[in-house]
Amino acid sequence: MAGSTTFVWTEAQYAAALRAQVRLGVRKSTVIVIAVAALLGGTVAALPWLAAGPAGDRIGLTMIGGFCALFLPLCLASVSWHAPRTARRIFRQQPSLAEPVTVSWSPDGLQYQSRTGSSLHEWDKMHYWSRSRSTFLFAANERLHHIVPVDALGSAAADLEATAAASGAKRR
């Protein structure tokens, strides 16, 4: 269970990779904080109607519910919408992303090699790894991911996934 592949990033692959990284970054605790902020914001916005008495209660509660129902999905949608735009801008700003990258894996770890650098990440020191439809993410920590586009691997994608799974590294 060892293999290697060389690829050159495309802008579309890089955007898909960043979107997958952002989706993994939206933790349950983050969503709970946003939901509580939405509830508090809706409550504060509805205070004048709630203070008006029984007639204002229905309007105030409707405002709280509406604000909460719209705020959270809008926040999450904006993050999802913003990620690919950011990725495309970063891709254009960093010419080294358009150079060949070689990724090798073995039972010992995952190695990245390019003209600008090289790194080896041992499986037992990896924070976690994940696979989406388009991307493998290998996390050194919660913010630093080494990314491999699935379509660059071809049939070797199954081998990389099996190697990562057999390594005992945490899957997310």
For Ala140, the side chain to side chain contact (heavy atoms under 4.5 Å, CB included) test, sequence neighbours excluded, returns His121, Leu144
Sequence neighbours excluded, the answer for side chain to side chain contact (heavy atoms under 4.5 Å, CB included) partners of Ile90 is Tyr14, Thr86, Gln94, Leu97
Can you find a pair of side-chain heavy atoms, one from [X] and one from [Y], that are under 4.5 Å apart?
X	Y	answer
Pro100	Val8	yes
Tyr128	His145	yes
His146	Met126	no
Leu160	Leu110	yes

Which residues pass the side-chain hydrogen bond (donor to acceptor under 3.5 Å, both in side chains) test with [X], sequence neighbours left out?
X	value
Ser4	Ser104
Thr116	Ser114
Thr102	Thr6

Can you give me the closest heavy-atom contact between [X] and [Y], atom names plus distance?
X	Y	answer
Pro84	Arg19	CG-NH2, 2.7 Å
Ala17	Leu137	O-CD2, 4.3 Å
Ala157	Val150	CB-CG1, 4.2 Å
Thr5	Ala152	OG1-O, 3.2 Å

The reported gap from CG in Asp108 to OG in Ser167 (rounded to nearest 0.5 angstrom) is 11.0 Å
d(Glu161 CD, Trp129 CH2) to nearest 0.5 Å is 4.5 Å
| field | Partners passing ring-ring contact (aromatic ring centres under 6.0 Å, His included) against Phe136 (at least two apart in sequence or in another chain) | value |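 ring-ring contact (aromatic ring centres under 6.0 Å, His included) check on Phe136 returns Phe138.
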*With sequence neighbours left out, write down each residue that passes salt bridge (charged side-chain N to carboxylate O under 4.0 Å, His left out) with Arg115, or none if nothing qualifies.*
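Per chain and number, Arg115 pairs via salt bridge (charged side-chain N to carboxylate O under 4.0 Å, His left out) with Glu99.
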Practice task
Quick one: which residue pairs count as a salt bridge (Lys or Arg N to Asp or Glu O under 4.0 Å) with a foot in residues 150-160, not counting sequence neighbours?
Solution key: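 Qualifying pairs, neighbours excluded: none.
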So which pairs with a foot in residues 80-93 pass salt bridge (Lys or Arg N to Asp or Glu O under 4.0 Å), sequence neighbours left out?
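Salt bridge (Lys or Arg N to Asp or Glu O under 4.0 Å) check on residues 80-93 returns Glu11-Arg92.
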Notebook entry, point to check: Could you walk me through whether Gln111 and Ser118 pass the side-chain contact (heavy atoms from CB on, under 4.5 Å) check?
Noted result: CA-CA 7 Å; Gln111 182 170 7; Ser118 175; 3.5 Å; yes
Q) Are the side chain of Trp123 and the backbone of Ser106 linked by a donor-acceptor contact shorter than 3.5 Å? A)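 Yes; judged by distance alone, with no hydrogens or angles, the pair exists.
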Under the ring-ring contact (aromatic ring centres under 6.0 Å, His included) definition, can you give me all pairs with a residue in residues 147-172, not counting sequence neighbours?
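Sorted pair list comes back empty.
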